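Below is one structure; the comments refer to it alone.
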Amino acid sequence: MNIHRLRAFQDNYIFVLHNPATHQAAVVDPGDATPVLDWLDHHGASLVAILNTHHHSDHGGGNQRLLQQFPAATVYGGAEDWGRIPGQTVALQEGDRVVFGDDAGEVFFVPGHTRAHIAYYFPPQTSTDWGDLFCGDTLFAGGCGRLFEGTPAQMVASLTKLRRLPDTTRVWCAHEYTLNNLRFAITIDPDNAALQERLHRVEVARRHDQATVPSDLGLEKQTNPFLRWDHSAIQSAMQSQTPDQTFARLRGKKDRF
Ligand code: ZN
Ligand code: FE
């Protein structure tokens, strides 16, 4: 499967999964139908599935219009989101699988940003391949989502699941927030050389309007403070005693950044 990144609104990304052999496509978090319909039209592809990570309208606001054109498409979303995602037909739980052609995605239940948020992980098909993680607004490049409906402890548990995936995983998060995230991260973890280097690279990329998504999970583990709540540098910067407290203080600081 090929993955294509589309822009929507100010800073959202929508991802199209495409199987050129069968001319079938699936789409992750279509907040807006227009760029998706344009892409499908241009590539002669038909939409067989919508994969939603959570109910926010910048992620599912395009569902209905896509369904008007492709009424047979399956609409996946978390079980806890039933009734909140337009047109949802399948209620997914942790461990469920989503099949698209020869590929199968695994579902992770990752509450925190919302109480129902899920992520989709497509493992590599060969030992040299990379995996693909569609994590919505849970994990961002250099950051994580705001806690609208969940607690810090829930988000820590969710990010712990994602942190267990291989370093060789592409992270397809739903927003271009990377530069701001890293500018915050460097205030917390100023001596982290990998982070300094990453911030510099992202500044250059954004100056040229280049996307910083997908990111890779190995780099996130080294540089994203929201995956490093249990590292001593982060814990001492937050003057906290426990990993959960570190995470809560970090998230609070970022909210006010
Ligand atoms: Zn959201
Ligand atoms: Fe969002």
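Remember, predicted model here, so these are calculated numbers, not experimental data. Both ligands and their constituent atoms are indexed starting at 1 by order of listing.
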Gln24 and Ser46: side-chain donor and acceptor closer than 3.5 Å? no
For His4 and Trp39, take the angle between the two ring planes, folded into 0 to 90°, and tell me which bin it lands in: parallel under 30, tilted 30 to 60, perpendicular over 60. tilted
Can Asp216 and Lys221 be counted as an ion pair, charged N to O under 4.0 angstrom? no
Could you tally the protein N/O/S atoms lying less than 2.8 Å away from the Fe ion (ligand 2)? 4
Taking side chain to side chain contact (heavy atoms under 4.5 Å, CB included) as the test, write out the residues that go with Ala233, two or more places apart. Asp189
In terms of heavy-atom contacts, does CD of Gln10 have more than 12 from other residues, nucleotides or ligands at under 6.0 Å? no
At less than 2.8 Å, how many protein N/O/S atoms surround the Zn ion (ligand 1)? Leave waters out. 4
Going by an N to O cut-off under 4.0 Å, is there a salt bridge joining Glu94 and Lys161? yes
Identify, with sequence neighbours excluded, every residue that meets side chain to side chain contact (heavy atoms under 4.5 Å, CB included) alongside Arg256. Lys253
Looking at Asn2, I want to see if its CG is surrounded by more than 12 non-hydrogen atoms of other residues, nucleotides or ligands under 6.0 Å. yes
With the 4.5 Å side-chain cut-off for hydrophobic clustering, are Leu66 and Val48 part of the same group? no
